[in-house]
Amino acid sequence: MSHAAARETFREDIVRPSLPREQALAAAPDADDGLFRVPRVLGG
Amino acid sequence: MSDTRPTAAEIARRVADRETSAEAVTREHLDRIARRDAGLDAFLTVTADRALAQAKRVDAALAAGGAAGPLAGVPVAVKDLLDIEGIATTCGSRILEGYRPPFTATAVTRLEAAGAIVIGKTNMDEFAMGSSTENSAYKVTRNPWDTARVPGGSSGGSAVAVSTGMAALALGTDTGGSIRQPAALCGVVGLKPTYGRVSRYGVVAFASSLDQVGPIGRTVEDVALAATAICGLDTADATSAPVAVPDFRAGLGDGAVGVRIGVPWSFLESGVDAGVMAAFRQALADLEAAGARVVEVALPHAPHAVATYYIVATAEASSNLARFDGVRYGLRVPADDLRRMYGETRDRGFGAEVKRRIILGTFVLSAGYYDAYYLRAQQVRTLIRRDFEGAFRECDVVATPTTPTPAFRLGEKTADPLQMYLEDIFTVPANLAGIPGLSLPGGLVGGLPVGMQLLGRPFDEATLLRIGHAYQQRTTHHLQEPPQQTDSRG
């Protein structure tokens, strides 16, 4: 019955296209050089 | 069209027969939105250009001799929790203001493949957390039957759009009743399919083990058409079920003769409005007249469903909503260091109810409390599921009122979250058990619509729909229209 009795199923691990990097970064408040930019993480 | 609120089935037939065009139907519905939505505020975004372009594609395909899809030219409103590529998805939250997703939800893709036309995105409680649509960060949606009252939630905008004929169909999501409860309070039909029946790809997650996408329409036939289009396995959602999907409309004529309807009378004993209970008893009598048999069933753990739900759902929400951190999309409140940026972004971006649930969910998952709350809730969840398994040995569907009361007044329950949560008492058990539920218009109480809910065995939406159709063949509640007046604010 639905999730409670869900059987485990497996598929072949196949490489498939995913979201292009430019699109993945397009909605970011701040991105640079193909990366998400965030404020300083470590003290300095 | 002469009919002011044509059904999806009627529109699709006329478009297929070339009596009208998808473009003409789309323009009529856009006009109705322009006339009626000002006082109701069902829509967050009207996608007029995209809708007309899609309609022209449907018309061109038909003109070229292509086969008409089962929803050819049918205007559909989509809850603003489902992504459509390039169209803003806000989830009713400031934290996603301006976000335009790079992909489209599978449920939307499938509706469009069937010929449907998405005409807009509808208002909702922020991240689907609420039962009145008052938790939207953008606007308050009003009930077209009485604009001083709530439309229900969280898919309130979708229910209002269908109730008023601004859309023939709508998509909602239902985590604890968010399709069925607003459908009931607005006098329309809402189906929460079995967990796993409809892909959640492209649906912003609230509580991943409970969330399910489903259709809202004015007739069971329309809901059956939409369900046939959107249900089925999708490899993009690992929880979508590899279970065959019947043509739900084809089975509608099978009637209700001999069907056993189980009523959990002891669960309904307390807190149900007298008018709602009278309407429910009449609906049972109507179903008996259609050949069904009413039997009593027991759901002994159902009274614990709301408490269980607000542990499971908040725990999952606290995890799912961690992704809104000002890094990848949506709002960022600038700050000098990362932790402050996270904190200030989430403080500014989330509304009070969302924060309340994130805090509750974080608490129930925290070290030292996990066993007492989350683990215990999952155990009770299993007991609730077993209650239904037992009930379905005695009956084919379980019936309850959809909600304990008709639509309440705007502001009436916002000060008391527990009162708001109890609104879901009859709807949350189905989400916890993963079973399908259908809310049907069950008459008016004091001029306000109330719903009858039918709950079914896993993946047996077909039985819910054929009983619902038999009910609508004998009753006229679903044909009643809300008054045309749209604004009581003066």
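Chain identifiers are assigned alphabetically (A, B, ...) following the order of the sequence lines, protein sequences preceding nucleic acid strands; residue numbering begins at 1 within each chain.
Looking at Asp336(B), the atoms closer than 4.5 Å to chain A (heavy atoms on both sides) all sit in the backbone: N, CA, C or O. Looking at Ala238(B), neither its backbone nor its side chain comes within 4.5 Å of chain A, counting heavy atoms on both sides.
Counting heavy-atom neighbours within 6.0 Å of Arg376(B) CZ, excluding the residue itself, gives a total of 12 or less. For Arg386(B), the CZ atom counts as loosely surrounded, since its 6.0 Å shell holds 12 or fewer non-hydrogen atoms of other residues, nucleotides or ligands. Around the CZ atom of Arg21(A), the shell of radius 6.0 Å holds no more than 12 heavy atoms that belong to other residues, nucleotides or ligands. Sparse packing is recorded around CZ of Arg339(B), with 12 or fewer heavy atoms of other residues, nucleotides or ligands lying under 6.0 Å away.
Between Pro29(A) and Tyr329(B), the shortest heavy-atom contact is CD-N, 4.0 Å.
A heavy-atom distance below 4.5 Å is found between the side chains of Arg332(B) and Pro39(A).
Counting heavy-atom pairs closer than 4.5 Å to chain B, the top residue among Ala26(A), Ala27(A), Pro20(A) is Ala27(A).
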